[in-house]
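Reviewing the structure listed below.
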Amino acid sequence: MAFINLQNVTYQYPLTKTPVLQNINLQVNEGEFVAVIGPNGAGKSTLCYALAGFVPHFFKGEISGSIEVAGVESSKSTLDEWVMNVGLAFQNPFNQISGAKYTVFEEIAFGLENSGVPREEMKARVEEAMKLTDISDLADRSPYSLSGGQQQRVALTSILVMQPKLLVLDEPTSQMDPIGTREVFSVVRKMAEGGMTVVMVEHKMEWIAQFADRVIALKDGQILLEGKPNEVLTSNILAENGFGVSRYTSTAREAKKQGLWRKENLPVTLDEAVEGFVKRDE
Ligand SMILES: Nc1ncnc2c1ncn2[C@@H]1O[C@H](COP(=O)(O)OP(=O)(O)OP(=O)(O)O)[C@@H](O)[C@H]1O
Ligand SMILES: [Mg+2]
């Protein structure tokens, strides 16, 4: 059975007139890395809230259908039970730093400390996690002295150190440069290979194409398309529906009209583009 199983999920925030999630059916296997894309207001964050249990437990509103993760049904759990039983961790752009700690090291150790992990083990796990996300050199800094991108890396590290079963990330690289972004994607990929299930909202098509197993394209609260990254990200349907499209895809789509792109699939990444373009005199 799928690790995540959403059946006919329709949800409406309190005091609003139309549902922001409409009849969502989604199954995700254990260890799968799924990227969620969509224009502003599509319902991406709301979908994350549904997985995180905030919808409906915190935001209330009207919900129908069923949300099940790891065999647990959301409507039958409290928010605390849900987070525990599902083994969930959620990072969104607004809850980056706890504010309770003076150093990055302590910030990352915070969750382990709260769950009573012995000091030595805690230290080893924090150091290992910091190595993974390449922030070891920030260990003694104050979380508040960091750039937005560094803070996002610290936030991700403090989640990974807890070894969640389900990781939900809402635009975790929004403030990061290309190097940070690449590292996040490759760390997340590695975690998925280790069995962690990942749902990640992202706009960066080139990285999604290289690292994700599957892409879900959301629009107006509905799943417009889903499938393999290259198929979804190069689809005309995306271009016609206000989704961001990789510059390599749009360039090759134009080039195809002039016979300069002869491969069956359009590219999403630079490498795919370089490989597929033909010289005019060929
Ligand atoms: N707490 C709330 N109460 C009422 N409506 C809300 C609430 N939060 C979001 N919405 C509405 O729900 C819809 C979906 O919002 P959501 O934040 O899920 O979209 P999104 O795809 O994450 O957009 P963005 O790309 O801007 O982050 C929007 O129309 C938004 O205005
Ligand atoms: Mg959002």
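Whatever order the structure lists them in is the order used to number ligands and atoms, beginning at 1. Predicted, not measured: the structure shown is a model, and the values here were computed from it.
- Distances from the Mg ion (ligand 2) show that Thr46 has no N/O/S atom below 2.8 Å.
- Not close to ligand 1: Gly38, with no non-hydrogen atom less than 4.0 angstrom away.
- Of the polar atoms of Ala42, at least one N or O is found under 3.5 Å from an N or O of ligand 1, judged by distance alone.
- When non-hydrogen atoms are compared, ligand 1 lies under 4.0 Å from the side chain of Val20 (C-beta onward) but not from its backbone.
- Of all the heavy atoms of Thr16, the ones lying under 4.0 Å from any atom of ligand 1 belong exclusively to the side chain.
- Closest to atom 2 (C) of ligand 1 among all protein heavy atoms lies Tyr13 CD2, 3.4 Å.
- Annotation: atom 17 (O) of ligand 1 to nearest protein heavy atom, Ser45 CB, 3.7 Å.
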Which is it for Val69 and Leu88 under the side-chain contact (heavy atoms from CB on, under 4.5 Å) test, yes or no, and what are the steps along the way?
CA-CA 10 Å; Val69 179; Leu88 174 112; over 6 Å; no
Candidate pair Val34 and Ile216, rule side-chain contact (heavy atoms from CB on, under 4.5 Å), full reasoning
CA-CA 7 Å; Val34 171; Ile216 312 288; 3.4 Å; yes
Residues Val86, Leu51; criterion side-chain contact (heavy atoms from CB on, under 4.5 Å); working and verdict
CA-CA 10 Å; Val86 163; Leu51 293 171; over 6 Å; no
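- Of all protein heavy atoms, the one lying nearest to atom 26 (O) of ligand 1 is Asn40 ND2, 3.2 Å.
- In this structure, atom 25 (O) of ligand 1 lies nearest to the protein heavy atom Lys44 NZ, 2.7 Å.
- A salt bridge between Glu183 and Arg153 is present, with a side-chain N of the basic residue lying under 4.0 Å from a carboxylate O of the acidic one.
- Using a cutoff of 4.0 Å between basic side-chain nitrogens and carboxylate oxygens, Glu120 and Lys123 are not scored as salt-bridged.
- Aromatic pair Phe90/Phe54: centroids less than 6.0 angstrom apart.
- At a 3.5 angstrom cut-off on N or O pairs, Gly43 counts as close to ligand 1.
- An N or O contact shorter than 3.5 Å links Gly41 to ligand 1 by distance.
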Output, in order, the C-alpha distance, side-chain angles, deciding distance and verdict of salt bridge (charged side-chain N to carboxylate O under 4.0 Å, His left out) for Arg182 and Asp177.
CA-CA 9 Å; Arg182 160 176 269 285; Asp177 61 19; over 6 Å; no
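- Protein heavy atom nearest atom 18 (O) of ligand 1, with residue, atom name and distance: Thr46 OG1, 2.5 Å.
- Of the polar atoms of His203, none of the N or O atoms is found under 3.5 Å from an N or O of ligand 1, judged by distance alone.
- For atom 22 (O) of ligand 1, a protein heavy-atom neighbour is found at a distance under 4.0 Å.
- Using a 4.0 Å cut-off between heavy atoms, Pro39 contacts ligand 1 through its backbone alone, with no side-chain atom that close.
- Residues Gln7 and Gln27 have side chains in contact (heavy-atom distance under 4.5 Å, counting atoms from C-beta outward).
- A salt bridge links Arg247 to Glu206: one of the charged nitrogens lies within less than 4.0 Å of a carboxylate oxygen.
- Gln175 and Ser147 form no side-chain donor-acceptor contact under 3.5 Å, judged by distance and modelled atom types alone.
- The aromatic ring centroids of Phe59 and Tyr13 lie less than 6.0 Å from each other.
- Within a 4.0 Å radius of atom 30 (C) of ligand 1, the protein has no heavy atom.
- At a 4.0 Å cut-off, not a single heavy atom of Gly221 sits close enough to ligand 1 to count as contact.
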